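Only one structure is covered here, and it is reproduced in the block below.
What you are looking at is a predicted structure, and each value in this text was computed from that prediction instead of being measured.
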Amino acid sequence: EFTLSAKDPATDRGASASGVLLTHAQVLDLTLQLSSWASVEGMVYRSDGVTPVAGARVSVKGTYAITDFNGYYHLDLLPLGSHKIEVWDEGTRGTGEETVILETHGETKQVNINLPGQGIIVVKVEDADGQPVNGASVTVNYNAYLYGTTGEDGVTVIDHVNAGPFTVKATAMGLRG
């Protein structure tokens with residue numbers, strides 16, 4: 001993974017982009033279009049608004065930063081305009097987002113992001129006779145897909161599910177429910 005940035009000292013115009021090289025000797029063509037820019041920085045917290053989230057990926061328009069030990073992030077050389085700031089915490093599958101409007105060249109906006117609370121979903125799959133189904137595939141869909149497989153008791157536990165609406169589907173032996 002990499003981040004590139006360019007800034008013309010004569011005009012103070014700049015741009016940045018991030019990406020990933022996937023294969024050995026891969027050639028990746030990038031064009032950075034210099035323009036008026038601004039920055040955004042802030043903290044990423046758990047749902048309590050106090051506990052920092054270290055190691056979360058914060059991204060805006062193809063540019064990203066990883067939060068430090070204190071949950072701090074900084075993104076520089078973003079084009080002016082309205083942007084969605086997206087957060088992904090791989091360790092807990094936590095996601096969050098905020099919108100920022102960057103209006104003034106060279107400004108730095110402070111945007112703190114609280115990840116939503118999370119819960120645990122315990123799913124029990126039974127057949128038509130009320131007997132537990134071993135080996136059923138369970139899918140939870142909220143804004144991501146999470147998967148589990150039931151044990152002999154017909155139960156699977158799926159943790160780190162963001163608070164909010166979700167759907168659960170189970171399949172086994174060609175049946176769905």
Would you say [X] has more than 12 foreign heavy atoms packed within less than 6.0 Å of its [atom1]?
X      : atom1 : value
Tyr145 : OH    : no
Phe69  : CZ    : no
Gln26  : CD    : yes
Lys61  : NZ    : no
Leu28  : CG    : yes

Which heavy-atom pair separates [X] from [Y] by the least distance, and what is that distance?
X      : Y      : value
Gly151 : Asn134 : C-OD1, 3.1 Å
Lys109 : Glu107 : CE-OE1, 3.3 Å
Gly148 : Thr156 : CA-OG1, 3.7 Å
Leu32  : Ala6   : CD1-CB, 3.9 Å
Ala38  : Leu80  : CB-CD2, 3.8 Å
Asp48  : Val50  : OD1-N, 2.8 Å

Taking the side chain as everything from C-beta on, heavy atoms only, tell me whether [X] gets closer than 4.5 Å to [Y].
X     : Y      : result
Thr95 : Glu86  : no
Pro79 : Ser35  : yes
Ser82 : Val100 : no

| Step-by-step side-chain contact (heavy atoms from CB on, under 4.5 Å) determination, Val40 to Ile85 | CA-CA 9 Å; Val40 63; Ile85 304 169; 3.7 Å; yes
| task | Before giving the answer on side-chain hydrogen bond (donor to acceptor under 3.5 Å, both in side chains), spell out for Glu41 and Gln110 the whole-Å C-alpha distance, their side-chain angles and the decisive distance to 0.1 Å. | result | CA-CA 5 Å; Glu41 66 181 11; Gln110 296 286 323; 2.4 Å; yes
| field | Flag for Gln118-Asn162: side-chain donor and acceptor within less than 3.5 Å | value | yes
Verify the cluster assignment for [X] and [Y]: are they in a single hydrophobic cluster under the rule of side-chain heavy atoms below 4.5 Å apart?
X      : Y      : result
Tyr142 : Val168 : yes
Met43  : Val87  : no
Phe2   : Leu78  : no
Leu102 : Leu75  : yes
Trp88  : Val44  : no

Give a yes or no answer on whether the side chain of [X] reaches the backbone of [Y] with a donor-acceptor pair at less than 3.5 Å.
X      : Y      : value
Asp153 : Val155 : yes
Lys169 : Val140 : no
His83  : Val60  : no
Thr150 : Ala136 : yes
Trp37  : Asp12  : yes

| request: Verify side-chain contact (heavy atoms from CB on, under 4.5 Å) between Leu115 and Ser47, making sure each step is shown before the conclusion. | output: CA-CA 5 Å; Leu115 299 183; Ser47 61; 5.9 Å; no
To the nearest 0.5 Å, what is the distance between [atom1] on [X] and [atom2] on [Y]?
X     : Y     : atom1 : atom2 : result
Ser39 : Asp76 : OG    : CG    : 3.5 Å
Ser36 : Leu77 : OG    : CG    : 11.5 Å
Leu30 : Ser16 : CG    : OG    : 11.0 Å

| field | Residue among Tyr45, Tyr73, Tyr72 satisfying side chain to side chain contact (heavy atoms under 4.5 Å, CB included) with Thr67 | value |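 So, applying the side chain to side chain contact (heavy atoms under 4.5 Å, CB included) to Thr67 and each of Tyr45, Tyr73, Tyr72, only Tyr73 qualifies.
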| message | What verdict does the side-chain contact (heavy atoms from CB on, under 4.5 Å) test give for Val133 and Met173, after you've listed the backbone C-alpha separation in whole Å, the side-chain angles of each residue and the deciding distance to 0.1 Å? | response | CA-CA 9 Å; Val133 176; Met173 301 174 280; 4.0 Å; yes
| said: Under the side-chain hydrogen bond (donor to acceptor under 3.5 Å, both in side chains) test against Asp89, which residue among Arg46, Arg57, His160 passes? | reply: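 Exactly one option meets the side-chain hydrogen bond (donor to acceptor under 3.5 Å, both in side chains) with Asp89, and it is Arg46.
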| said: I'd like to know if Arg93 pairs up with Asp159 as an ion pair, taking the criterion as any Lys NZ or Arg NE/NH1/NH2 lying under 4.0 Å from an Asp or Glu carboxylate oxygen. | reply: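 Looking at Asp159 together with Arg93, the answer is yes, because their closest N to O distance falls below 4.0 Å.
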| request: Evaluate the criterion side-chain contact (heavy atoms from CB on, under 4.5 Å) for residue pair Leu146 and Val161; output intermediate values, then yes/no. | output: CA-CA 8 Å; Leu146 305 175; Val161 179; 3.7 Å; yes
